[in-house]
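Here the structure comes first, spelled out in structure tokens, and everything after it is commentary.
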Amino acid sequence: MLIIGNGMVLTLGKSNQVIPQGGVLIQDSKIIEVGPSQELQTRFPEARFIDAHGKLIMPGLINTHMHLYSTFARGMDAKSKPPRNFRDILEGLWWKLDKLLTIEDVYYSALTPLIECIKTGTTTIVDHHASPNAVTGSLSALAKAAKEIGVRAAFCYEVSDRDGESIAQEGIKENADFIKACQGTPDAMTAGLFGLHASLTLSDKTLQQCSDEAKRLGAGFHVHVAEGIEDVNDCLTNHGMRVVERFEKFGILGPKSIAAHCVHVNDREIELLKASKTQVVHNPESNMGNAVGVTPVLKMLDKGVRVGLGTDGYTCDMFESAKVENVLQKHAAADPSVAWAEVPQMLYGNNPLIASDLFGGTFGELTPGAWADVIVVDYIPATPLNETNWSGHLLFGVSGHNVETTVINGRVRMLDRVLVDIDEEAICARSRELAQAIWNRI
């Protein structure tokens, strides 16, 4: 047993309690009880005790759209002309990098951001992977990295026709094999989705094959949707319809599927997303950095679409993503009154629901029976913190680097800012060697 106590417990979830001098009792991978810290210690004296020293105890965060492999782009000179649009970014950066990845590169490019997840309080991620010349075994390499670091993760391989039919077929098989492996040995720490790149790189033939295979497996999709206007223009020109309409035609939408970005969607497409119960994930920093536009998040939420929050590999810090989303939506709407409720709904409400659909169980709250994904945050409020204003405290007072202790699935991964059983220095040293070798090959 483990007690994380002597802190201000923020349960979130339906109970949404703030418990001063509270504690969380954990047994194995689940939360057993939440209540006064001293009372829990008295009743369970044999439990290991982690002292929060009056700081904030809250659920771990969830990132519902991530690209671990993007790590190796940090500081890299892609030796391309300055991009003028989103297509230039794809061709000049990401499609150069992903073609050079080996299986070892895939593994190490995952280890380092997974460590950053632990350091910033992100305990669950949903990753979207590409390595066209190292497809087979890539998802297993990612799963191995996640298991070793101890982060809960879902993976998929992005099927695309951009590298030819053979690689597209290999991607389909990689998704299918990984999904079957996850189904064959159920594990609450690992899940699989059927990955697709985007409409503009997928033929009707490939889409139909992916749809048939995923239906046979009972799997949902993870796909980029109308991220750049190029995706919309290609779909209209070559298929006579918009992106969401095309995916609806091929059975890609649905309650098990994640549609990332959805920047350029119209009212008709929003209705299709709602009717199909497709889950949308917004990535504010990435969209701003790529200058692709602003996702109509407020409209989608108002219409009843479940919209979560991700980072698209731009950061591992979900507190940071929430801060940016808050100001982005205000700026885009030219209205300072918006996004106060919507952003907490996305990060603290909808992301846990997306994770629950993938892994099963209860996420995003400190309540009996929920997964024991708990963080201690170095934040002692200077103003009253209660059940009505907690989101303002997290928005303005907390960042990922305030996280001191991270527990995932009941396992302590960082304690008082010291990683547990993780040799970060050795991992980063090898990562730098591999990254330099890739840069030399560009």
Gap separating the [atom1] atom of [X] from the [atom2] atom of [Y], nearest 0.5 angstrom:
| X | Y | atom1 | atom2 | result |
| --- | --- | --- | --- | --- |
| Thr278 | Ile252 | OG1 | CD1 | 10.0 Å |
| Thr11 | Glu365 | OG1 | CD | 7.5 Å |
| Leu56 | Leu394 | CG | CG | 6.5 Å |
| Ile149 | Thr112 | CD1 | OG1 | 9.0 Å |
| Glu424 | Glu116 | CD | CD | 8.0 Å |
| Met414 | Ile118 | CE | CD1 | 8.0 Å |

Where do Glu170 and Lys173 land on the salt bridge (Lys or Arg N to Asp or Glu O under 4.0 Å) test, with the steps shown first? CA-CA 5 Å; Glu170 194 176 357; Lys173 186 176 186 302; over 6 Å; no
Can you pull the ring-ring contact (aromatic ring centres under 6.0 Å, His included) pairs that have at least one residue in [range], sequence neighbours excluded?
| range | answer |
| --- | --- |
| residues 134-188 | His129-Tyr157 |
| residues 90-109 | Trp95-His197 |
| residues 254-276 | His65-His261, His224-His261 |

For Lys205, give me all partners under salt bridge (Lys or Arg N to Asp or Glu O under 4.0 Å), at least two apart in sequence or on another chain. Glu165
Taking only residues two or more places apart in sequence, or in another chain, which ones meet Arg87 in a salt bridge (Lys or Arg N to Asp or Glu O under 4.0 Å)? Glu91
Carefully, step by step, assess Trp390 and Met58 under the rule side chain to side chain contact (heavy atoms under 4.5 Å, CB included). CA-CA 11 Å; Trp390 58 268; Met58 63 176 287; over 6 Å; no
Do any side-chain atoms of residues 322-329 form donor-acceptor pairs under 3.5 angstrom with protein atoms, and if so which ones, sequence neighbours left out?
from   : atom 1 : to     : atom 2 : distance (Å)
Lys323 : NZ     : Leu395 : O      : 2.3
Lys323 : NZ     : Val398 : O      : 2.9
Glu325 : OE1    : His282 : NE2    : 2.8
Glu325 : OE2    : Gln329 : NE2    : 3.2
Asn326 : OD1    : Lys330 : NZ     : 3.2

Do Lys274 and Glu271 touch side chain to side chain, with heavy atoms closer than 4.5 Å? yes
Please step through side chain to side chain donor-acceptor pair (under 3.5 Å) for the pair Gln208 and Asp212, ending with a clear verdict. CA-CA 6 Å; Gln208 187 61 61; Asp212 292 342; 2.9 Å; yes
Check the pair Cys316 / Asn63 against side chain to side chain contact (heavy atoms under 4.5 Å, CB included), numbers first and verdict last. CA-CA 8 Å; Cys316 294; Asn63 183 348; over 6 Å; no
Just by modelled atom types, is the [Y] backbone N or O under 3.5 Å from a matching donor or acceptor in the [X] side chain?
| X | Y | value |
| --- | --- | --- |
| Ser431 | Ile427 | no |
| Trp340 | Gly392 | no |
| Ser257 | Phe221 | yes |
| Gln345 | Asn350 | no |
| Asn16 | Glu387 | yes |
| Ser356 | Gly361 | yes |
| Arg413 | Leu419 | no |
| Ser70 | His67 | yes |
| Ser109 | Phe72 | no |
| Asp127 | Leu68 | yes |

State whether the number of non-hydrogen atoms from other residues, nucleotides or ligands found under 6.0 Å of His239 atom NE2 is greater than 12. yes
More than 12 heavy atoms of other residues, nucleotides or ligands under 6.0 Å from NZ of Lys147: yes or no? no
Nearest heavy-atom neighbours spanning [X] and [Y]:
| X | Y | answer |
| --- | --- | --- |
| Ser199 | Val243 | CB-CG1, 4.0 Å |
| Ser15 | Thr367 | OG-CG2, 3.6 Å |
| Val407 | Ile26 | CG1-CD1, 4.4 Å |
| Gly192 | Ile179 | C-CG1, 4.0 Å |
| Leu196 | Leu207 | CD1-CD2, 4.0 Å |

Those residues that, when tested against [X], pass side-chain hydrogen bond (donor to acceptor under 3.5 Å, both in side chains) (two or more places apart):
| X | value |
| --- | --- |
| Asp416 | none |
| Gln27 | none |
| Asn351 | Thr64 |
| Arg162 | Asp98, Glu158 |

Take Thr388 and Asn386, measure what side chain to side chain donor-acceptor pair (under 3.5 Å) needs, and give me the verdict at the end. CA-CA 6 Å; Thr388 66; Asn386 56 47; 2.6 Å; yes
Take Asp161 and Thr206 through the side chain to side chain donor-acceptor pair (under 3.5 Å) test and state the conclusion after the steps. CA-CA 8 Å; Asp161 287 306; Thr206 301; 2.8 Å; yes
In sequence, state the C-alpha distance, the side-chain angles, and the governing distance for Glu285 and Ser321, and then conclude on side chain to side chain donor-acceptor pair (under 3.5 Å). CA-CA 7 Å; Glu285 288 176 291; Ser321 188; 4.6 Å; no
Residues in side-chain contact (heavy atoms from CB on, under 4.5 Å) contact with Arg242, at least two apart in sequence or another chain: Val232, Leu236, Glu245, Asn266, Glu269
Parallel, tilted or perpendicular: which one describes the rings of Phe363 and Phe359, with boundaries at 30° and 60°? tilted
Residues Asp312, Asn287; criterion side chain to side chain contact (heavy atoms under 4.5 Å, CB included); working and verdict: CA-CA 9 Å; Asp312 202 33; Asn287 293 165; 5.6 Å; no
Taking only Lys NZ, Arg NE, NH1 and NH2, and the carboxylate oxygens of Asp or Glu, determine whether Lys119 and Asp317 approach each other closer than 4.0 Å. no
For residues 296-308, which side-chain N or O atoms pair as donor and acceptor with protein atoms under 3.5 Å away, sequence neighbours left out?
from   : atom 1 : to     : atom 2 : distance (Å)
Lys299 : NZ     : Asp267 : OD1    : 2.9
Arg306 : NH1    : Gln279 : OE1    : 2.7
Arg306 : NH1    : Asp357 : OD2    : 2.9

